[in-house]
Amino acid sequence: MAEYKHQEVEKKWQQYWEEQQVYKVKNDTSKPKYYVLDMFPYPSGAGLHVGHPLGYIASDIVSRFKRLKGFNVLHPMGFDSFGLPAEQYAIQTGQHPAITTDTNIKRYKEQLTNLGFSYDWSREVRTSDPSYYKWTQWIFKQLFNSWYNKESDKAEHIDTLIAVFAKEGNANVNAVCDEDTPAFSAKDWESWPEESQQKMLLKYRLTFIAETTVNWCPALGTVLSNDEVKDGFSERGGHPVIKKTMPQWSMRITAYADRLAADLDKVDWPEPIKDMQRNWIGKSFGAEVDFKVLSPNPFPKERGLSEDANPSSKESDFIAAWKTGNPKMAKTLVEYARRNRKNPTDQEDALWQRLRNKQIGSKVRRQHPIDDFIVDFIFLKQQLVVEVDGGYHDSAEQQEFDKARMDLLNHLGYEVMVVKNEDVDEHIESVINKIQTKIDEIDKNSPSQQEKGPGDEVKITVFTTRIDTIYGVSFMVLAPEAEIVKALTTPEQKAEVEAYVEVAKNRSERERMSDVKTVSGVFTGSYVINPFSGKKVPVYIADYVLAGYGTGAVMAVPSGDQRDFDFAKHFDLPIIQIIDQQKITDTEADPTKEGKMVNSGMLDGLSPLDAIQKANEYIVEKGIGTPKVNYRMRDAIFGRQRYWGEPIPVYFENGVPYLLEDDQLPLELPEVDKYLPTEDGEPPLGRADDWKTADGAPYELTTMPGWAGSSWYFFRYMDPQNDQEFASKEALEYWQQVDFYIGGSEHATGHLLYSRFWTKFLYDMGFIKVDEYAKKLVNQGMIQGVSAFSIGLGGISEDGLPNLNIPTIFFSKNPWRKSISDGNLNMIIPILKKYNPEVDFTDVKINFTNVLANNGGVLRHVPIEMVSGNDELDIEKFKEWRKSWAGEYEIEFIMEEDGKYICQRETEKMSKSKYNVVNPDNLVEKYGADTLRMYEMFLGPIEQSKPWNTNGIEGVYKFLRKFWGLFHDKQDNFVVSDDPASKDELKVLHGLLKKLEEDVERLSLNTSVSNFMIAVNELQAMKCNKRAILEPMTIALAPFAPHLAEELWHALGNDSTVCDADFPVFDASHLEEDTIEYPVMVNGKMRAKVQLSADLNPKEIEEQALAHPNVQKWTEGKTPKKVIVVPKKIVNVVV
RNA sequence: GCGGAUGUGGCGAAAUUGGUAGACGCACUAGACUUAGGAUCUAGCGCCGCGAGGCAUGGGGGUUCGAGUCCCUCCAUCCGCACCA
């Protein structure tokens, strides 16, 4: 057999490709373009394992195939080189992450090159390269400078918003913005100082900084976005994650929720990915409905000042006007208020001067009566009281009085802030700031824009998707975190509620999740009125209601919702059937939408769907609610308290963020002494000296998350060296978007969603022409590792406990099983005796299960390279390894009957620590890159996950050698004939071409490989060595086995690379058959085969088929009831 | 709980629109050539049965002349989301 020397051949052509720059891509407009993209890897220290190239091989085949078909193919590669592992490594070793990253990239490139990929390395991008992240920062700037206009349904420059504000305030602005955005007029806008204006704009910008509840990972010292948290643990590293409120950079991805969901219809992506994204966005249609709060004032009027004997009407009116004071005490209150105003303390006066006239954007009153009291300052709209603590509140009596007063105020719905005199004297700025923050926070949490005093009705708004079931409401549940809870809680319930809220706050995500089954909650003591039925229903708090979804309040309908049902059962609340077809059991609610409404007042008799419509009309008409679309998706947290990421191009002045100018970009990562947080808990960038502008304004300390750089890299490849734009107009115009994208499905709700978001944004702003970046997406499956285990007992003494005087005994698979099942010691006693000749082991019993449990870790991973395909362990290598690794030198084995040691196997993720990583380098060396490429494709459908198994690789290797053999004689001389090809040979070639085109088109690359094998087997049988057949086949094989094809291509006398050949044209005429073999079925079972001429008509086919002896036999001579003839396919005879 | 995917020989898998189930490869068996074989070639290889033949695509049911493929139902495994009102 001819010999194909893959090592020589592959090196030779890899060198040639590099020298000739065969894979360099021009932005050439004469050819049609085709853009093939792999998800770029994070260059980890472990290098590539055989699972990584699966997708790369597939995309390389597609790229090369398209190139042969005459396309100008862009097939780039780069590195997502910012990320946690390099930083963790840096923390441990002090090694700069850039150095680690660089080393790893070198290794990756080498491995990729060895596999013969056709990447244009001149277009390589690295997200951690300043010339790249300059443009990531630039895009950040664009987002900061934009707002989302719901009217035009796209992002617009912030200047257009400022213009509107200056002209007419925000009354007519329909934008995606913070929930707490207050209404203001043009006059307000103009009167505000710069900082206030900037703060207002932050509520609209697409990237913004705001007080947010975040996923905080203490172990990593950073926040994480929702997609980086899995089951309450960080995706990277698996550390616990808790909820925490802190100011954070965020991206307003929710602005695009609707378009991100809708445009999934435009792309050819796997349905599971689309479903995951839809699910993540979580659009639901429903309604918000207001429930009025019924809350009798439970406080007896016995404290504070005494009631007036005779209030004058003037004073009463004055008090009544504010709706806050007790009218019966009008005279006294007014008197006190006046007196206090005339004689303010220095501190009160100082504060008043800073707060009056809406200086902090909200109106304030001083010395204001509330019930029986006078408070120092009050923001009526926010119901925030500010008390200046004068220092005379020290006596026990006074303290009790203060507490009662605080309770009353709280109960009436006021929040009280106490300010110390010293604070006002010493740092009034920070006091003002605190008040401002509080006001902003309250504004955010109460969407209502009207001024409302406690005299106004207090209401709770709920979100529901089943407003039809509103007559079935028997209680209401609030999230424990809801602001209004404090105000609703009656004194009797106060202790219980506070305890519950406290517990809820401190529970980690993980605890909360693992405890889904337990029903818990507390009654607040308050009631609300069902706006439809007028019924009074109790208000509870419970942690099954999430503060972050909808309004954080739920109208509970136990008959239709299982959680409400469980809650009702637990607290013995009524369960009201509201649909006639509802089947409610002792343990289950029925959420059906089938049937007619019952017990539902005005909705009775309607179907639930009609009832929803009618109820929606009703709430709008009555002004008690509005239909509403809700999304599950939240804005994406964008800052990370880490070092190894893109710096955010922002500096601060007076606490307000400002962007750096374009010519200041890139803002490069500073050097730091350590990659840890500072002593005050600030991010690592806080360690950098001079991390501020030339004017001394401090830069932002957090960096961008991993997904920032990967959200737009596919555009950079189009024009990677451009330092004027992220990519030129021409390049963007020519390459448009990715035609074929391949990568893992694990990025479904991360990278794949964020990229779509940024693409849509760049589209809105006119920078690009497409609003989806990848036309077609394919998910390659994961290749798992198959781990091998040895089972060792680490020295067992006579009582079954570990004894270090005795060597570790390793059990082969079957003896171990047997030992466990019968507790049989026979096998180890000889060994034990060998080391302890004086001990008599006859009566010793060992419970193997106990030994396993007590002597944990006896099941040990064995490096898979020491284990053969039939699970047999190489004892010598193993001993050596154990010795170097564990320092053991006494090892005993208990073997199978045939003297072999057989390992246990298990499929797991490939990882270094499991010793199950299969390195492609070894396989490339042994079999060649072409073999590995084709074998990986041959394993099965590309999108399927499967455990790696090297066993079949010989088959593919054999195939390549057979193909080589067609060109060579026994002495390995190149012998190709120029004789014309025979009909049969042409049939083989064109049969292959046809299948190849179909298979590559639908990415069925495993069957492509099969088809090559079939063709080569047939040609070998024909002893075909004709150029007319072999040359086209060489071209067709080039995408799969580029090295071998290149070698043969040149041997055939061609000078240029096979990559520039034309793909052979398929000619159907070679496949036409004169005769067709018809399978003949009798009653659906195959009974005979008939060779028939291809041009017979159905009638003739039927006659011929029936005449066949086997058919005669099976029909037993009866006349067939029916004969089905499918021309060119099959005949079926029914008897 | 919700959503999705998958289930075919000893193993990886084919069967694109309903038309000969198991292509191709691995492993295995026998043989040939060989000093040798972890090279190469030939033949065999779903299960039961000596055979004729029967049974077989997770289980059960249905539609059809004909079902791995379509419909219903149940089971198992994997993935994603998970108190989303």
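Only heavy atoms go into these numbers, but all of them, side chains included; no hydrogens, no water, no symmetry mates. A note on names: the letters A, B, ... follow the listed sequences, proteins ahead of strands, and every chain is numbered from 1.
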Colleague: Does Ile1124(A) reach a base, just sugar-phosphate, or nothing at all? Heavy atoms under 4.0 Å.
Modeller: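 Result for Ile1124(A) = base.
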Colleague: Quick one: classify the glycosidic conformation of G9(B) as syn or anti, with syn meaning within 90° of 0.
Modeller: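 G9(B): syn.
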Colleague: Among A14(B), C41(B), U16(B), which is the nearest nucleotide to the side chain of Asp999(A)?
Modeller: U16(B)
Colleague: Counting any heavy atom closer than 4.0 Å, what does Arg634(A) reach on the DNA or RNA strands: base, sugar-phosphate only, or nothing?
Modeller: nothing
Colleague: What interatomic distance, in whole Å, is found between P of U20(B) and the corresponding atom of G31(B)?
Modeller: 37 Å
Colleague: For Met476(A), which of Val545(A), Ile541(A), Val462(A) qualifies under side chain to side chain contact (heavy atoms under 4.5 Å, CB included)?
Modeller: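 When side chain to side chain contact (heavy atoms under 4.5 Å, CB included) is applied between Met476(A) and each of Val545(A), Ile541(A), Val462(A), only Val462(A) qualifies.
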Colleague: Name the residue closer to the 5' end of RNA chain B, choosing between Val1131(A) and Lys995(A) according to the nucleotide with the nearest heavy atom.
Modeller: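 It is Lys995(A), whose closest nucleotide lies nearer the 5' terminus.
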Colleague: What distance, rounded to whole Å, do you find between the two P atoms, one in G51(B) and one in G12(B)?
Modeller: 29 Å
Colleague: Looking for any heavy atom pair under 4.0 Å, which part of the strands does Val1134(A) touch: base, sugar-phosphate only, or nothing?
Modeller: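 Result for Val1134(A) = sugar-phosphate.
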Colleague: Taking atom C1' in both G9(B) and G44(B), what distance in whole Å separates the two?
Modeller: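 Looking at atom C1' only, G9(B) and G44(B) are 15 Å apart.
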Colleague: Examine the base of A23(B) for any acceptor or donor lying under 3.5 Å from a partner atom in the side chain of Ser1010(A), and report the outcome as yes or no.
Modeller: yes
Colleague: What does Asp564(A) touch in the nucleic acid at a heavy-atom separation under 4.0 angstrom: a base, only the sugar-phosphate, or nothing?
Modeller: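 The residue Asp564(A) makes no contact with any strand.
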Colleague: Using atom P in both nucleotides, what's the gap between C84(B) and G68(B) to the nearest angstrom?
Modeller: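 It comes out at 41 Å once rounded to the nearest Å.
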Colleague: Could you give the distance separating G19(B) and A67(B) at their P atoms, to the nearest angstrom?
Modeller: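 Roughly 11 Å separates the two P atoms.
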Colleague: Using a 6.0 Å distance limit plus a 45 degree cone around the ring axis, check whether Arg961(A) lies over the aromatic ring of Tyr957(A).
Modeller: yes
Colleague: In terms of side-chain geometry, is the basic nitrogen of Asp566(A) or Arg563(A) positioned less than 4.0 Å from the acidic oxygen of its partner?
Modeller: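 So Asp566(A) does not pair with Arg563(A) through a salt bridge.
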Colleague: State, with a plain yes or no, whether a side-chain heavy atom of Phe291(A) is found less than 4.5 Å away from one of Ile470(A).
Modeller: yes
Colleague: So does Leu992(A) get a backbone contact from the side chain of Asn1011(A), meaning a donor-acceptor N/O pair under 3.5 Å?
Modeller: no
Colleague: What contact category does Glu954(A) fall into here, base, sugar-phosphate, or nothing, at under 4.0 angstrom with non-hydrogen atoms?
Modeller: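 Touches nothing.
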Colleague: The side chain of Arg563(A) is closest to which nucleotide in this list: U20(B), A13(B), C83(B)?
Modeller: C83(B)
Colleague: Could you tell me whether a side-chain N or O of Gln562(A) sits under 3.5 Å from a main-chain N or O of Thr587(A), the two making a donor and an acceptor?
Modeller: yes
Colleague: Taking atom C1' in both A15(B) and G22(B), what distance in whole Å separates the two?
Modeller: 9 Å
Colleague: Please report the distance separating the C1' of U29(B) from the corresponding atom of C79(B), rounded so that it comes out in whole Å.
Modeller: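 One C1' to the other, the span is 40 Å.
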Colleague: Picking from G38(B), G4(B), C41(B), which would you name as closest to the side chain of Lys962(A)?
Modeller: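 Closest nucleotide to the Lys962(A) side chain: C41(B).
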Colleague: Out of C26(B), A13(B), A85(B), which has the shortest distance to the side chain of Thr465(A)?
Modeller: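 Closest nucleotide among those given: A85(B).
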Colleague: Taking the side chain of Arg1087(A) as its heavy atoms from C-beta onward, which of G54(B), A13(B), C83(B) lies nearest to it?
Modeller: G54(B)
Colleague: Show me the dot-bracket string of RNA chain B, counting Watson-Crick or G-U pairs under 3.5 Å, with | for pairs to another strand and [ ] for crossing ones.
Modeller: (((((((..(((......[....))).(((((.......))))).(((....)))..(((((..]....))))))))))))....
Colleague: Closer than 3.5 angstrom, by distance alone: can the side chain of Thr749(A) be matched with the main-chain N or O of Trp280(A) as a donor-acceptor pair?
Modeller: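 It does not hold such a pair.
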Colleague: When all nucleic acid strands are considered with a 4.0 Å heavy-atom cut-off, which category describes Asn1017(A): base, sugar-phosphate, or nothing?
Modeller: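 Sugar-phosphate contact only.
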Colleague: Quote, to the nearest angstrom, the P distance that separates G80(B) from C71(B).
Modeller: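 About 27 Å, rounded to a whole number of Å.
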Colleague: On RNA chain B, check which nucleotide each of Met1013(A) and Gly940(A) is closest to and give me the residue with the more 5' one.
Modeller: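 Going by which nucleotide is closer to the 5' end, it is Gly940(A).
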Colleague: I'd like to know if Asn1132(A) reaches the base of C65(B) with its side chain, counting only an N/O donor and acceptor under 3.5 Å.
Modeller: yes
Colleague: Heavy atoms from C-beta onward define the side chain here; which of C84(B), G3(B), A13(B) lies closest to that of Leu546(A)?
Modeller: C84(B)
Colleague: Is Arg1002(A) salt-bridged to Glu998(A), cutoff N-O under 4.0 Å?
Modeller: no
Colleague: Which residue pairs pass the salt bridge (charged side-chain N to carboxylate O under 4.0 Å, His left out) test with at least one member in residues 462-477 of chain A, sequence neighbours excluded?
Modeller: Arg466(A)-Asp468(A)
